[in-house]
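Only one structure is covered here, and it is reproduced in the block below.
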Amino acid sequence: MARTLRLVHLFPELLNLYADQGNLSVLSTRAKQRGIEVKILPVKLGTKLDFDQADLVLLGGGSDREQAIVGKELLAYRQDLLSAIDLGLPILAVCGGYQLLGEFYELPSGEKVPGLHLIDMTTHAGKNRLIGNIAIEWNTNAQGAVRTLVGFENHGGRTMHDYPPLGKVVKGFGNNGTDQKEGVQYKGIVGTYIHGPLLPKNPHLADHLIRNALRYRGYSDDLGDLDDRLEWEAHHSILNRMQIG
Amino acid sequence: MRIRSMIGLWLGRATKFALKISGRSGTSLPGLVAGKVAPHLLQDLMAQLTEGVIVTGTNGKTTTTALLYAFLSEEESWLTNRGGANLHQGLLATMMSTSTLSGKLRIRKAVLEVDEATLPKITAFYHPSVILVTNVLRDQLDRYGEVDETLHLLKEGTEYPGTSLITNGDDPLAMSLGISRSELTYYYGFTQVPEVTSARADVRDGAFCLLCGEELIYDYFIYGQVGAYHCPNGHFQRPVPDFGGKYDGATKQLLVEESVSKDNQVYAIASPVKGIFNQYNLLAAISAARILGKSPATIRKGIVNYEAPTGRFQVFVGTPLRTLALVKNPTGANSVLRAMEEDAGEKVLCFAINDDDADGRDVSWLWDINIEEFLPRSFCETWICTGTRGLDMALRLAYAGVDRSKINVLDKLSQLVEETSGYVLPVYILSTYTALHPLSELLRKGVTNG
């Protein structure tokens with residue numbers, strides 16, 4: 001059976017601070033290379049949202065000003081989102097998009113901007129920004145030789161929650177620089193501070209998200225192998241530079 | 001001059017001399033030493049200027065400054081910080097280079113490129129006759145800091161009476177600097193462009209009205225957020241330019257139409273630069289030269305003296321013909337790619353991408369370069385990637401649809417000259433900041449040896 005995936009990219013005109021369309025490009029290219037038909041649905045501010053029409057949702061990062069606009073817009077859809085998340089809707093939320101999933105995030109001024117409160121998570125403002133290359137050990141049952149995820153982080157917020165993280169920090173800061181946790185995995189949600197963008201150098205995570213979306217849609221989650229030599233070379237070159245492994 | 005400034009000047013001079021006899025030169029150390037000892041030295045030197053022009057903005061500062069310097073120095077001596085040393089110590093090194101031991105400037109007119117964040121620190125003690133703004137774009141160095149902050153610094157550096165502000169009317173962010181000023185504000189902009197690129201999906205930062213937050217409506221885009229825009233609520237619109245440009249790509253002539261005075265002039269200037277973003281730099285430089293009283297005839301004479309600064313579409317003659325271009329943010333990189341489209345022949349394209357502090361440690365911006373739209377017009381048979389982040393660039397190309405078998409990744413920058421020496425096709429090298437000077441050196445040597 002021909003498989004079709006609908007990738008919903010939320011507010012690309014506002015949330016594009018860390019090249020989030022790079023993640024979209026990786027997901028869509030890797031799906032297409034497996035013969036899956038891909039429909040990319042960019043949603044602009046003011047458009048009516050229908051999460052029944054989504055198999056995977058991408059929420060990127062923007063400036064504080066832009067994130068506040070997005071938060072307000074999405075608040076009207078909170079119930080829809082909660083129901084969809086209960087059914088297992090895969091969501092990839094990066095940086096600002098990740099913070100937006102929680103109860104609130106605090107600006108450097110001390111002002112608390114309400115989030116969507118989809119999960120019990122809070123983000124407080126830190127003194128300094130946490131910036132640099134990061135490597136984590138992915139918390140997963142997925143098959144494969146590589147267990148690390150690599151990328152770049154740049155955030156002032158310190159995020160706290162009690163869910164399973166995306167992974168354990170090997171080098172870098174992660175959610176808050178203290179508890180060794182990076183990101184969140186809850187139902188279909190993958191939230192993370194890692195960009196660079198996240199997926200090009202982490203093809204195993206990209207395929208994991210595609211499989212989640214296929215299963216969510218009721219398809220077989222079989223994915224054939226791709227030539228990922230360049231991807232792994234780039235992945236390992238970051239690990240080498242960070243003197244890991 | 002303050003005693004302390006004098007001591008700073010002497011120490012700076014001594015440092016320079018010491019570096020020279022030990023065979024090292026061209027560092028910013030003399031400026032750094034002098035500035036540390038004498039915090040007011042730059043102020044004391046700049047106070048002697050009878051005429052000062054500051055060029056600032058995100059992209060195009062170095063090229064615009066070099067063009068303007070060529071026009072201004074045609075008839076008299078001007079000082080300039082050639083090569084982009086645009087922070088406090090670089091400016092100080094430039095001023096010290098022409099001062100006597102007693103701290104008197106030999107040349108009293110200067111055209112200086114100044115970094116956006118340094119600008120308000122300079123204008124706190126020195127008000128130039130003219131400030132020229134090229135554009136306000138997202139830079140990879142301060143992605144989280146947002147353009148809002150840059151705009152704030154520029155506003156602080158331009159909001160006082162007595163200085164002429166010449167700014168880009170086609171860029172809503174650069175234009176906004178002029179809104180609250182009542183006098184001595186001039187806009188330049190293009191009234192006709194060779195290719196109007198309405199559909200291009202570039203990263204745009206200024207695409208929202210600064211007053212009501214509504215998305216700006218564009219009749220057309222030229223590059224990035226630069227184009228013909230207006231706010232749907234009537235707050236904000238592209239002004240009619242005081243210096244309007246029409247660029248003819250076939251004859252490489254820039255036609256300038258002025259609407260700034262009673263005897264509005266119209267004149268054509270032969271453009272020595274490539275790409276629409278560089279035509280903006282040229283128009284900006286011409287506008288400033290005109291405000292400073294230079295005639296079109298002087299500009300035409302002066303333009304012959306223009307030399308492309310290091311890595312600003314710098315051509316290394318030989319076989320193959322190699323062109324080196326600095327890229328430091330997506331809008332700049334897109335502009336360079338668009339300029340390369342003017343060369344519709346087959347070519348070899350190289351990317352030298354480093355991630356040192358001066359390049360930006362975060363290479364996310366590579367994914368904002370619009371490779372997808374460039375690809376069908378690229379006529380590119382081989383793609384070479386190098387630098388500390390060459391692999392990131394290679395992945396960027398692969399996911400844009402470049403055939404993986406045509407992508408060659410080199411471990412070391414130094415391999416680039418040898419790797420490309422077998423080609424007769426023109427070679428274009430797009431390089432980030434810290435790879436630029438090493439590459440320029442290698443290419444200069446490679447060409448001489450070849």
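Note on naming: letters A, B, ... go to the chains in the order of the sequence lines (proteins, then strands), and numbering restarts at 1 for each one.
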- Task: Work out which heavy atom in Arg389(B) is nearest to a heavy atom in Asn133(A); give both atom names and the distance.
- Result: NH2-OD1, 2.9 Å

- Heavy-atom proximity to chain A below 4.5 Å, by part of Ala394(B): both

- Task: State which residues pass ring-ring contact (aromatic ring centres under 6.0 Å, His included) with Trp138(A); sequence neighbours excluded, sorted by chain then number.
- Result: His204(A), His208(A)

- Exercise: identify the closest heavy-atom pair between Trp367(B) and Gly22(A): CE3-CA, 3.5 Å

- Task: Would you check if Thr388(B) and Arg241(A) make a side-chain contact, meaning some heavy-atom pair closer than 4.5 Å?
- Result: yes

- Item | Which atom of Asp368(B) lies closest to which atom of Ala19(A), heavy atoms considered | OD1-CA, 3.6 Å

- Query: Under a 4.5 Å heavy-atom cut-off, does chain B meet the side chain of Lys32(A), its backbone, both or neither?
  - Reply: neither

- Spacing of Asp392(B) atom CG and Phe152(A) atom CZ [to the nearest 0.5 Å]: 11.0 Å

- Taking atom CG of Leu395(B) and atom CD of Glu231(A), what is their separation to the nearest 0.5 Å? 5.0 Å

- For Ile69(A), is it the side chain, the backbone, both or neither that has a heavy atom under 4.5 Å from a heavy atom of chain B? neither

- Separation between CG (Leu391(B)) and NE2 (His236(A)), nearest 0.5 Å, reads 12.0 Å

- Above 12 or not: heavy atoms from other molecules or residues under 6.0 Å from OH of Tyr77(A)? yes

- Query: Is it the backbone or the side chain of Ser25(A) that comes under 4.5 Å from a heavy atom of chain B, or both, or neither?
  - Reply: both

- Here the pair of heavy atoms bringing His195(A) nearest to Ser364(B) is CD2-OG, 3.0 Å

- Query: Between CG of Asp355(B) and CD1 of Ile238(A), what distance do you get to the nearest 0.5 Å?
  - Reply: 7.0 Å

- Query: Taking everything shown except Gln237(B) itself, do over 12 heavy atoms lie less than 6.0 Å from its CD?
  - Reply: no

- Item | Reported OH-to-CG distance for the pair Tyr399(B) and Leu24(A), which is rounded to 0.5 angstrom | 12.5 Å

- Glu153(A) and Asp362(B), any side-chain heavy atoms less than 4.5 Å apart: no

- Query: With only heavy atoms counted, which part of Arg404(B) is less than 4.5 Å from chain A, the side chain, the backbone, both or neither?
  - Reply: side chain

- Message: Would you say CD of Glu418(B) has more than 12 non-hydrogen atoms from neighbouring residues, nucleotides or ligands within 6.0 angstrom?
- Response: no

- Message: Quick check on Asp225(A): does its CG atom have over 12 non-hydrogen neighbours (other residues, nucleotides or ligands) under 6.0 Å away?
- Response: no

- Query: Would one find more than 12 heavy atoms of other residues, nucleotides or ligands at under 6.0 Å from atom CD of Glu137(A)?
  - Reply: no

